[in-house]
Amino acid sequence: MTARVPRGFVDRDAADLRAQDAMLATIRRVYETYGFEPVETPIFEYTDALGKFLPDSDRPNEGVFSIEDDDEQWMSLRYDLTAPLARYVAENFETLPKPYRSYRAGYVFRNEKPGPGRFRQFMQFDADIVGAPNVSADAEMAMMMADTMEALGIERGQYVIRVNNRKVLDGVLEAIGLGGEENAGRRLTVLRAIDKLDKFSTAEVRLLLGEGRRDESGDFTPGAGLNERAIQQIVDDYIAAAMSEFVDGTNNHAIRQLKASAFGTNPKFHEGVEDLASIADFVGSAGYGPDRVKIDPSVVRGLEYYTGPVFEAELLFDVTNEKGEVVRFGSVGGGGRYDGLVSRFMSQPVPATGFSIGVSRLMTALKNLGRLKTSERTGPVVVTVMDRDRMADYQAMATLLRNALNDDPSLPPVPVEVFQGNPKQFGKQLQYADRRNAPVVVIQGGDEKAAGKVQVKDLALGKELSATITDNAEWREARAGQELVDEAELVEAVKRILARPLSEKG
RNA sequence: GCGGUUGUAGCUCAGCUGGUUAGAGCGUCGGAUUGUGGCUCCGAAGGUCGGUGGUUCGAACCCACUCAACCGUACCA
């Protein structure tokens, strides 16, 4: 039996969890300043509550983790936080204030092949407004996303919130003759091809719109099979606008370019561009330029359920990982308007917009950026055990210190513990303290006890001094960083050592 | 899912043309030191050689199948 974590899942250590806590607190604070309030839903939902948008509803374990309850109903682990929110809102519709602003963080699960930075369990942190029909709500979402990035220490210019509108894409598809139920499959292929713009060149996207593309491994991806004219139209008019630069420092140029395109006469397209113009106006007036919120027609997201504006938070910096490979993180979150999702459970239409941050992914990015508070927390003050039968005394010392060092609840805790391993070899106790990154150990053997004294040892200082000593006998004799004080001065002596600045401790 | 590459100790890897008992460094544990971390020295534990089958007098090495990991690609709510 070998111990192994299931594929696609990870264990997280103390440093990771503390960093995540700090990160969640930062995000939460931004959301709270926009008036959002927390809500939590369970990690399981009935499969049909999630099911409509599953790749294949007849196979409950495809894409999601599902189990059959004893009443023969299928339940699934949630694969995002949006569908459960829609269920929650529908179920509590009468009592919730509308528009309902809520946020929630939680693990979601996907039963699919894991990859680098892609796990089968990961955390999302969502915010949504349900019951707000206007694009001003979408604009607010985009701005809040930008604020969140900056609150996390990602500087302006290192991220961008890209905004598009599903209606614009629908208009394009309609204009090139891909409207109607019979073209649903080809519509998806076209949208996926456009979505590849950040990965492939225009020439390769062109192949995906037409016959298809063969990748370097020899694998062939069938294309949408569009005719040359339709391809030309998409590339010249649409993709050109997507790639356009912001000549005047605003989003107006992109909007103008879209309006002037061959698709401009399509009603759906026009409506979508008007929405984008409004969003550009709202965010622009609030001081969010295209360096933060950018109108970008290449954004394709949530093909199955978004109905209006869609957003994507993208990190723009490259990072060299521990293997020496250059990695671009790309998307760390996204969202959009999903006017059809809540109304699945209800007889009335309920507009909604929201977004989701991929916490695990963003955390990896921040770690690489060096923006994550990974500073190791100080270890415990360790009270060592010299005389096994004086355990009660050591416990009393620990209690005294624990209370004295933690009387201000607004400060981070100072852990204090009695060594609970086998005290037979004293060296092991110091080794333990060293590994726990303990700042101080307290030592009281028979000699000290008889004199009413106690030894207080500064481990960091001792480590510094050890550099100058090469002989072990001498090192042991030196008792580096150690101080003999009266029992009554224990607390003060420990506080003194804890207060020593880190720089003096190496 | 498709294609490619790689699987030897906890980790990083060596292992000759198929030839005896599969090695090293790091890490872990024990000791030198039963009242002192680090350094140093000594010692020990730790291996289904990814798995199964085959070829052979003999397989970590060759063959077939299979599993896993990595990379690309597809999918991604």
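Here is the naming used below: chain letters follow the sequence lines, and residue numbers restart at 1 for every chain.
- A salt bridge between A:E45 and A:R87 is present, with a side-chain N of the basic residue lying under 4.0 Å from a carboxylate O of the acidic one.
- The partner of B:A32 is B:U40, by the rule that a Watson-Crick or G-U pair needs both atom distances under 3.5 Å.
- By the 30° and 60° cut-offs, the orientation of the rings of A:F65 relative to A:F9 is tilted.
- Positionally, the nearest nucleotide of RNA chain B for A:R479 lies more toward the 5' end than for the other of A:R479 and A:G8.
- The partner of B:C70, taking Watson-Crick or G-U wobble pairs whose two distances both stay under 3.5 Å, is B:G4.
- One P atom belongs to B:C41, the other to B:G19, and the distance between them is 35 Å to the nearest Å.
- Classification of the A:Y305-A:Y338 ring pair by plane angle, with boundaries at 30° and 60°, yields perpendicular.
- When the C1' atom is compared between B:G23 and B:G31, the two are found 25 Å apart, to the nearest whole Å.
- Taking side-chain N and O atoms only, A:Q444 has no distance below 4.0 Å to OP1 or OP2 of B:G35.
- Rounded to a whole angstrom, the distance from the P atom of B:A9 to that of B:G18 is 22 Å.
- Here the separation of B:C42 from B:U6, taken at their C1' atoms, is 38 Å to the nearest Å.
- Distances were taken from every side-chain heavy atom of A:F200 (C-beta onward) to each of B:A74, B:U36, B:A77; the shortest belongs to B:A74.
- A:I469 places its CD1 atom 13 Å from the P atom of B:G38, with the value rounded to the nearest Å.
- Proximity note for A:F426 (side chain, C-beta onward) versus B:G35, B:G38, B:A74: the nearest is B:G35.
- Atoms CD (A:Q431) and C1' (B:C39) sit 13 Å apart, rounded to a whole Å.
- The side chain of A:T221 sits closest to B:U73 out of B:U36, B:A77, B:U73.
- Proximity of A:W475 to the phosphate of B:G37: a side-chain N or O atom is located under 4.0 Å from OP1 or OP2.
- Taking atom P in both B:A59 and B:G50, one finds a spacing of 15 Å when rounded to whole Å.
- The side chain of A:S466 has B:G38 as its nearest neighbour among B:A77, B:U36, B:G38.
- Side-chain nitrogen and oxygen atoms of A:R192 include at least one within less than 4.0 Å of the OP1 or OP2 phosphate oxygen of B:C76.
- Ring planes of A:F125 and A:Y31: perpendicular class, angle over 60° (limits at 30 and 60°).
- With both ends at atom P, the span from B:C29 to B:A68 equals 34 Å, rounded to whole Å.
- Side-chain to base pairing of A:Q482 with B:U36: one donor and one acceptor N or O lie within less than 3.5 Å of each other.
- Heavy atoms of A:A478 sit nowhere under 4.0 angstrom from any nucleic acid atom.
- Computed from coordinates, the A:R435 CZ to B:G27 P distance equals 10 Å when rounded to whole Å.
- Counting distance only, with no hydrogens placed and no angle test, the side-chain atoms of A:D434 and the base atoms of B:G38 include no donor-acceptor pair under 3.5 Å.
- Each of A:F109 and A:E477 has a nearest nucleotide on RNA chain B; the 5'-most of these lies closest to A:E477.
- Nucleotide B:A22 is matched to nothing when pairs are restricted to Watson-Crick or G-U wobble geometry with both distances under 3.5 angstrom.
- Rounded to a whole Å, the CG atom of A:D471 is 12 Å from the C1' atom of B:G38.
- Taking atom P in both B:G38 and B:C26, the straight-line distance is 16 Å, to the nearest Å.
- Pairing partner, B:A64: B:U52, with both Watson-Crick or wobble hydrogen-bond distances short of 3.5 Å.
- Relative to the side chain of A:M386, the nucleotides B:G35, B:U33, B:C76 differ in distance, and B:G35 lies closest.
- With A:D138 as the fixed residue, the side chain to side chain contact (heavy atoms under 4.5 Å, CB included) test singles out one of A:I279, A:V310, A:I129: A:I279.
- Closest to the side chain of A:K199, from the set B:G35, B:A74, B:C75, is B:A74.
- Comparing B:U33, B:A77, B:A74 by their closest approach to the side chain of A:N472 singles out B:U33.
- Rounding to whole angstrom units, NZ of residue A:K428 and P of B:U28 are separated by 10 Å.
- Among the heavy atoms of the strands lying under 4.0 Å from A:E448 is at least one base atom, whether or not backbone atoms are also near.
- In this structure a side-chain-to-backbone donor-acceptor pair under 3.5 Å is present from A:R402 to A:V416.
- One interatomic measurement links the two molecules: NZ of A:K424 to C1' of B:G31, which rounds to 13 Å at whole-angstrom precision.
- The base-pairing partner of B:U17, taking Watson-Crick or G-U wobble contacts with both distances under 3.5 Å, does not exist among the strands shown.
- Judged purely by atom type and a 3.5 angstrom limit, A:Y79 uses its side chain to pair as donor or acceptor with the backbone of A:L50.
- Taking atom CG of A:L85 as the reference point, atom C1' of B:A77 lies 15 Å away to the nearest angstrom.
- Closest to the A:V64 side chain, of the nucleotides B:A77, B:U36, B:U33, is B:A77.
- Residue A:K196 contributes atom NZ, which lies 5 Å from atom P of B:A74 at whole-angstrom precision.
- A donor-acceptor pair under 3.5 Å is absent between the side-chain atoms of A:T41 and the main chain of A:L85, judged by distance alone.
- To the nearest whole angstrom, the two P atoms, one in B:U28 and one in B:G72, are 34 Å apart.
- The partner of B:G46 is absent, by the rule that a Watson-Crick or G-U pair needs both atom distances under 3.5 Å.
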